[in-house]
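As the structure lists them, so they are numbered: ligands from 1, and atoms in each ligand from 1. Values in this document were obtained by computation on a predicted structure and should not be read as measured data.
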Amino acid sequence: MGGGIAQVVAGSGRRVSLYDPYPGATDRGLAAMRKSLARLAEKGGGDPDEVLGRVGPVEDLVAADLMIEAVVEDASVKEDVFRRADAALPAEAILASNTSSIPITSLAAATSRPDRVIGMHFFNPVPVLKLVEVIRGLETSDETAAAIAGLAGELGKTPAEARDFPGFVSNRILMPFINEAVWALMEGVAEPEAIDTIATLGFAHPMGPLALADLIGLDTCVAIMEVLHAGLGSDRYAPCPLLRQYVQAGRLGRKSGRGFYEYR
Ligand SMILES: NC(=O)c1ccc[n+]([C@@H]2O[C@H](COP(=O)([O-])OP(=O)(O)OC[C@H]3O[C@@H](n4cnc5c(N)ncnc54)[C@H](O)[C@@H]3O)[C@@H](O)[C@H]2O)c1
């Protein structure tokens with residue numbers, strides 16, 4: 001997601017610093033960007049090198065007007081990034097999170113500028129999907145919300161505002177749908193292909209729930225469902241045991257080469 005976000009922001013003419021402390025992560029992000037930009041160039045998009053020329057990997061958080069955080073869906077890791085960003089970025093900078101479910105209010109509380117902390121939730125694949133869910137924390141200012149909605153528009157996206165409730169709107173609807181598909185698979189109701197065909201042809205979804213879960217990452221799906229489960233307090237949001245088992249087995253979806261389907 002970080003690579004996709006960097007790509008669309010750089011595509012709008014802005015300079016982007018890409019930070020990820022894990023070895024090889026920024027290189028993988030840049031390689032994915034190059035591939036995606038090449039595909040877009042074939043369809044009449046701009047010059048990939050021009051866009052990539054505006055993206056620079058950095059070794060630590062640096063001064064910028066805006067941070068868009070897209071690290072793993074883990075509250076303590078994100079809070080730590082927000083604490084460090086609060087120290088590294090100028091006082092007037094906005095700190096945004098691409099989180100799928102973690103409360104914006106608690107990320108804001110890790111900083112000295114809760115009025116300038118906000119959720120800016122992109123959708124996967126970022127260069128293709130047009131939605132940005134904008135989530136205000138308890139103390140997010142009108143100016144911050146307007147700036148992020150304005151930026152989303154300049155990136156060619158449509159902003160939709162949601163309140164800071166577990167899973168916001170998108171994942172509160174999507175995750176139970178994916179989870180129910182996994183229950184159907186676990187209970188032997190149908191094979192993965194049949195479940196996904198029913199959603200694509202029956203509901204006119206571009207992708208079935210199991211293929212979509214593989215695209216999102218099964219570990220990310222479990223992490224989001226756990227936030228929904230704890231935050232909304234109902235067992236209907238608890239991740240299906242089969243989903244947990246796939247994650248335990250390292251079958252994380254596309255990113256590991258295997259989830260409900262195999263990827264080469
Ligand atoms: N996958 C999706 O479809 C999707 C869609 C919308 C939002 N999101 C959200 O985007 C975020 C990232 O999801 P993803 O699917 O790209 O996950 P991912 O596991 O593919 O990538 C997470 C990245 O975070 C990096 N990271 C871990 N700790 C870090 C730290 N302390 N500082 C900097 N980088 C660190 C990892 O090296 C990794 O490259 C999550 O909050 C997720 O909920 C994901």
Side-chain angles (χ1 to χ4, degrees), residues 1-8 16-33 36 57-62 64 67-89 95-104 106-107 110 117-135 152 157 160 162 166-175 177-178 206-207 209-228 231 239 247 250-257 259 263:
M1 289 299 290
I5 295 166
Q7 180 181 326
V8 297
V16 179
S17 299
L18 202 57
Y19 168 64
D20 191 314
Y22 287 87
T26 50
D27 285 346
R28 278 196 300 279
L30 287 165
M33 271 182 242
S36 164
V58 287
E59 307 248 305
D60 204 347
L61 292 167
V62 292
M67 170 186 79
I68 307 179
E69 166 279 313
V71 310
V72 282
E73 189 74 349
D74 177 313
S76 63
V77 176
K78 286 191 190 287
E79 280 162 16
D80 180 56
V81 170
F82 271 74
R83 212 169 286 120
R84 288 168 46 213
D86 193 37
L89 275 79
L95 308 181
S97 177
N98 182 51
T99 182
S100 302
S101 60
I102 291 166
I104 301 304
S106 65
L107 300 180
V117 174
I118 192 162
M120 187 176 194
H121 182 204
F122 290 84
F123 289 76
N124 191 359
V126 182
V128 179
L129 296 190
K130 297 290 178 208
L131 178 65
V132 170
E133 192 177 30
V134 177
I135 307 108
K157 311 291 184 196
F168 320 129
V169 172
S170 54
N171 280 299
R172 186 171 179 162
I173 297 171
L174 176 63
M175 286 301 147
F177 176 61
I178 287 176
M207 190 179 257
L210 300 177
L212 180 57
D214 274 357
L215 177 69
I216 294 170
L218 305 191
D219 53 338
T220 301
C221 290
V222 168
I224 298 168
M225 288 176 199
E226 278 169 349
V227 173
L228 286 169
V247 173
R251 285 170 66 166
L252 306 182
R254 285 190 192 218
K255 64 182 162 191
S256 70
Y263 303 87

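No donor-acceptor distance shorter than 3.5 angstrom exists from the side chain of Glu133 to the backbone of Ala162, with no hydrogens or angles considered. Glu73 contributes a side-chain N or O that, together with a main-chain N or O of Ser101, makes up a donor-acceptor pair within less than 3.5 Å.
The shortest heavy-atom contact between Pro57 and Leu30 is CG-CD1, 3.7 Å. Here the closest non-hydrogen pair linking Ala213 and Ile178 is CB-CG2, 3.8 Å.
Residues Thr99 and Phe168 are in side-chain contact: their nearest non-hydrogen atoms beyond the backbone lie under 4.5 Å apart. Counting heavy atoms from C-beta outward, Leu95 and Phe82 have side chains that approach closer than 4.5 Å.
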Please tabulate, one line per pair, the protein N or O atoms found under 3.5 Å from any N or O atom of ligand 1, giving the distance to one decimal.
from: ligand 1; atom 1: 1 (N); to: Ile216; atom 2: O; distance (Å): 2.8
from: ligand 1; atom 1: 3 (O); to: Asn124; atom 2: ND2; distance (Å): 2.9
from: ligand 1; atom 1: 8 (N); to: Ser100; atom 2: OG; distance (Å): 3.3
from: ligand 1; atom 1: 10 (O); to: Asn98; atom 2: ND2; distance (Å): 2.9
from: ligand 1; atom 1: 16 (O); to: Met1; atom 2: N; distance (Å): 3.1
from: ligand 1; atom 1: 19 (O); to: Lys255; atom 2: NZ; distance (Å): 3.3
from: ligand 1; atom 1: 37 (O); to: Asp20; atom 2: OD1; distance (Å): 2.8
from: ligand 1; atom 1: 37 (O); to: Asp20; atom 2: OD2; distance (Å): 3.0
from: ligand 1; atom 1: 39 (O); to: Asp20; atom 2: OD2; distance (Å): 2.6
from: ligand 1; atom 1: 41 (O); to: Val71; atom 2: O; distance (Å): 3.3
from: ligand 1; atom 1: 41 (O); to: Glu73; atom 2: OE1; distance (Å): 2.5
from: ligand 1; atom 1: 41 (O); to: Lys78; atom 2: NZ; distance (Å): 2.7
from: ligand 1; atom 1: 43 (O); to: Glu73; atom 2: OE1; distance (Å): 2.8
from: ligand 1; atom 1: 43 (O); to: Ser100; atom 2: OG; distance (Å): 2.6

